[in-house]
Amino acid sequence: MAFNNSASSLVILDFETTGLSPNMGDRAIEIGAVRIENSEVTESFSQLMDPGFRISGFIEDYTGISNQMLNGMPTCAQVMNEFADFIEGSNLVAHNASFDKRFLDAELNQISRSYSGEFSCSMLLARRIYQSAPTHKLGDLIKYKNISADGGFHRALFDSQMTAKLWITMLDDIKNDYGLTDIEFSLVKKLVKTPKKSVHDVLSNWK
DNA sequence: TGCCAGGCCCTCTTTAGGGCCTT
């Protein structure tokens with residue numbers, strides 16, 4: 001699939017799920033996302049969904065989403081069908097994107113939907129450009145960059161909003177440090193595949 | 001009740017192992 005540099009917007013997304021692996025039967029229970037255009041959030045998407053079975057106490061504690069809250073919510077199929085419309089034509093970003101991509105692919109596959117954009121990962125980019133950060137967990141990076149965070153982590157919309165702030169901060173830092181006026185997705189794609197020790201050279205020589 | 005996965009990345013590496021991230 002070609003990298004979609006021409007996409008007019010970027011969607012930052014985050015799933016809350018029943019566990020770690022769709023291959024083991026885990027399902028999405030909440031999707032949150034924000035659309036970024038010209039470094040500003042222009043639209044958001046937030047919805048709980050009923051996975052069709054009771055979620056564990058661990059997930060209730062971890063997310064603050066209870067079985068009672070999921071009672072009466074639309075099904076995964078209904079929500080993901082709307083979300084497929086929301087992301088159509090946009091490139092996608094998530095923190096540790098391999099996790100969210102697995103669930104997005106699995107949920108859309110269940111309803112025979114797909115998407116045309118390509119994923120990038122805020123965690124992999126942060127590992128390249130914030131190499132001295134103590135950890136690259138989302139919450140720790142938000143503190144590390146002194147980004148305001150008024151809300152609770154581990155809910156989908158809030159985490160997607162924080163990932164969006166981190167993403168914009170990272171791109172601004174790259175622009176300021178290397179005198180770039182704009183950062184295309186093709187540069188981000190190149191950076192996340194660049195060995196850490198070579199990141200400075202790639203950015204210094206980027207036109 | 002307790003447990004599960006998988007990609008990235010480093011190193012005491014590449015015929016491997018283990019930590020980091022995500023829920």
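Throughout, a chain's letter reflects where its sequence line sits, starting with A, and its residues are numbered from 1. Side-chain atoms are counted along with the backbone in the values below, which use heavy atoms only and exclude waters and symmetry mates. Here the structure is a predicted model, which is why all the values come from computation and not from measurement.
One N or O on the side chain of A:T18 and one on the backbone of A:R27 form a donor-acceptor pair closer than 3.5 Å.
Applying the side-chain contact (heavy atoms from CB on, under 4.5 Å) criterion to A:E88, with sequence neighbours excluded, gives A:S116. With sequence neighbours left out, A:H136 forms a ring pair (Phe, Tyr, Trp, His ring centres under 6.0 Å) with no residue at all.
Between B:dT13 and B:dG18, the distance separating the two P atoms is 13 Å to the nearest Å. With P as the reference atom, B:dC4 and B:dC9 are 25 Å apart, rounded to whole Å. Rounded to whole Å, the P atom of B:dG2 lies 36 Å from the corresponding atom of B:dC10. Between B:dC12 and B:dG17, the distance separating the two C1' atoms is 10 Å to the nearest Å. One C1' atom belongs to B:dT23, the other to B:dG7, and the distance between them is 16 Å to the nearest Å. For the C1' atom pair drawn from B:dG6 and B:dT1, the interatomic distance equals 25 Å after rounding to whole Å.
Taking a cutoff of 4.0 Å between a charged side-chain nitrogen and a carboxylate oxygen, A:E118 and A:K189 qualify as a salt bridge.
Spacing between atom CZ of A:F119 and atom C1' of B:dC8 amounts to 16 Å, rounded to whole angstrom units. The nearest whole Å value for the distance from the NZ atom in A:K101 to the P atom in B:dG7 is 10 Å. Per the geometry, CD belonging to A:E60 stands 16 Å off P belonging to B:dG2, to the nearest Å.
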Margin query: How would you summarise protein contacts on nucleotides 16-23 of chain B per nucleotide, using B for base, S for sugar-phosphate only and - for none, with heavy-atom distances below 4.0 Å?
Written below: ----BBBB
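For A:K190, the NZ atom sits in a loose shell: 12 or fewer heavy atoms of surrounding residues, nucleotides or ligands are nearer than 6.0 Å.
Between A:V41 and A:K165 the shortest side-chain heavy-atom distance does not fall below 4.5 Å.
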